[in-house]
K.L.:
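Below is a structure I'd like to ask you about.
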Amino acid sequence: MARIIWKGAISFGLVHIPVSLVAATAPQGVDFDWLDRRTLEPVGYKRVNKATGEEIDNRDIVRGVQYEKGRYVVLSDDEIRAAYPKATQTVDIQAFVRAEQIPFLYLDTPYYLVPDPRGGKAYALLRRVLEESGRLALASVVLHTRQRLAVLVPSGRVLVLDTLRWSDEVKAAEAAGLPAETDAPVGRRELDMARHLVEDMSEDWDPAAYTDRFAAQIMALVERKARSGQVAEVAPVEATEEGGAEIIDLAELLRRSLGKPPPKRPARGEGKPASPRAPRRAGGKAA
């Protein structure tokens, strides 16, 4: 059974479809841990003052955001907690957009949306209407205390929730320093030869045909050493699950939703104080 990451409901109009969020990907790279070679015990990371090299007690550590080079604004734990978006346990659909209007650069992390048995019919209806209309559902959702923009994408029998990057996270192509040759004129003869080469090398997509050779070699070595007894066990940590959501009559909700004005779209950064310079992202260090 796949581990449930989040439980709540898809919401559009007055319709609520109870769903669970399950990871659609599983990173398979090699994860190297630091160990004490004398005892094979895990080695942690010390928190040190980078200027003095001295180890710092957790009680003496505060969190700050670099406002300008060498200048920081210190934020308390209460201030950071107050800025967290409220966890609503809903995937709030804001609009429906054509699939080709969302550049692939914005796609971030996919998740499967698994319907609760109570919401199977409404789930099927939403998936079907997205398929037939060629549109994606643009939605907002709070995951792991972060406000995320996302799209709901029909994929066979399942709806996929794919989180999106914010617009200021995607760099313009000009920032890559493209050489002028990328706009150079191409002759018809060259184009025809290139097209023939593409046709000759074309094949059906088979993801299983492509593997991470480095990871495969490392894991084969790990397997051989483990069989010789050079292995240590680590107890797994179980995650808890959250509560679900209710659903009422679908047809009545659809009728009522048709007469309801579209939801107000929250502005990016709503509730944030204005500043003369946008600070750098704090990354994953905020609790």
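Fair warning: this is a prediction, and the values are worked out from it, not measured in the lab.
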K.L.:
Might you point out which heavy atoms bring Gln147 and Val142 nearest each other, and give the distance in Å?
P.N.:
OE1-CG2, 3.6 Å

K.L.:
Can a donor-acceptor pair be found between the side chains of Asp78 and Ser76 at a distance below 3.5 Å?
P.N.:
no

K.L.:
I want to check something: taking the side chain as every heavy atom from C-beta on, are Arg63 and Leu75 in contact at a cut-off of under 4.5 Å?
P.N.:
no

K.L.:
Does some side-chain heavy atom of Arg148 sit less than 4.5 Å from a side-chain heavy atom of Asp108?
P.N.:
yes

K.L.:
Which value, rounded to the nearest 0.5 Å, describes the distance between Glu131 atom CD and Leu126 atom CG?
P.N.:
10.0 Å

K.L.:
Within a strict 4.5 Å, meaning less than it, do heavy atoms of the Leu136 and Pro154 side chains meet?
P.N.:
yes

K.L.:
Quick check on Arg227: does its CZ atom have over 12 non-hydrogen neighbours (other residues, nucleotides or ligands) under 6.0 Å away?
P.N.:
no

K.L.:
Using side-chain heavy atoms (C-beta onward) and a distance below 4.5 Å, is Tyr123 in contact with Asp116?
P.N.:
no

K.L.:
Mind listing the closest non-hydrogen atom pair of Ile93 and Ala139 along with its distance?
P.N.:
CA-CB, 3.9 Å

K.L.:
Working to the nearest 0.5 angstrom, can you tell me the gap between Arg188 CZ and Met193 CE?
P.N.:
12.0 Å

K.L.:
Could you give the distance from CD1 (Ile17) to CG (Leu113), rounded to the nearest 0.5 Å?
P.N.:
9.5 Å

K.L.:
Have a look at Tyr111 and tell me which of Val141, Val22, Leu21, Val160 forms a side-chain contact (heavy atoms from CB on, under 4.5 Å) with it.
P.N.:
Leu21

K.L.:
Would you say Arg128 has more than 12 foreign heavy atoms packed within less than 6.0 Å of its CZ?
P.N.:
no

K.L.:
List the atom of Glu190, the atom of Gly187, and the distance in Å for their closest heavy-atom pair.
P.N.:
OE1-N, 3.1 Å

K.L.:
Looking at Gln66, is its backbone amide N or carbonyl O close enough to the side chain of Arg71 to form a donor-acceptor pair, meaning the two atoms are under 3.5 Å apart?
P.N.:
no

K.L.:
Working to the nearest 0.5 angstrom, can you tell me the gap between Leu161 CG and Leu152 CG?
P.N.:
5.0 Å

K.L.:
Look up atom OH in Tyr112 and atom CZ in Arg157, then write down how far apart they are to the nearest 0.5 Å.
P.N.:
12.0 Å

K.L.:
How long is the span from the CG atom in Leu130 to the CG atom in Leu125, to the nearest 0.5 Å?
P.N.:
9.5 Å

K.L.:
Determine, using the 4.5 Å side-chain heavy-atom cutoff (strictly less than), whether Met201 and Trp205 are members of one ILVMFWY cluster.
P.N.:
no

K.L.:
Test your reading of the model: is there a side-chain donor-acceptor pair from Thr109 to the backbone of Thr163, 3.5 Å cut-off?
P.N.:
no

K.L.:
Apply the side-chain contact (heavy atoms from CB on, under 4.5 Å) test between Tyr106 and each candidate in Val170, Val151, Leu149, Asp162; give the one that qualifies.
P.N.:
Val170

K.L.:
Apply salt bridge (charged side-chain N to carboxylate O under 4.0 Å, His left out) to the pair Asp192 and Arg189, showing each step before the final yes or no.
P.N.:
CA-CA 5 Å; Asp192 287 341; Arg189 183 168 177 268; over 6 Å; no

K.L.:
Kindly give the heavy-atom pair with the smallest separation between Ser140 and Gln94, and that separation in Å.
P.N.:
OG-NE2, 3.3 Å

K.L.:
Are Val91 and Val129 connected in a single hydrophobic cluster, I mean Ile/Leu/Val/Met/Phe/Trp/Tyr linked by side-chain heavy atoms less than 4.5 Å apart?
P.N.:
yes

K.L.:
State, yes or no, whether a side-chain contact exists between Gln89 and Trp6 at a heavy-atom distance under 4.5 Å.
P.N.:
yes

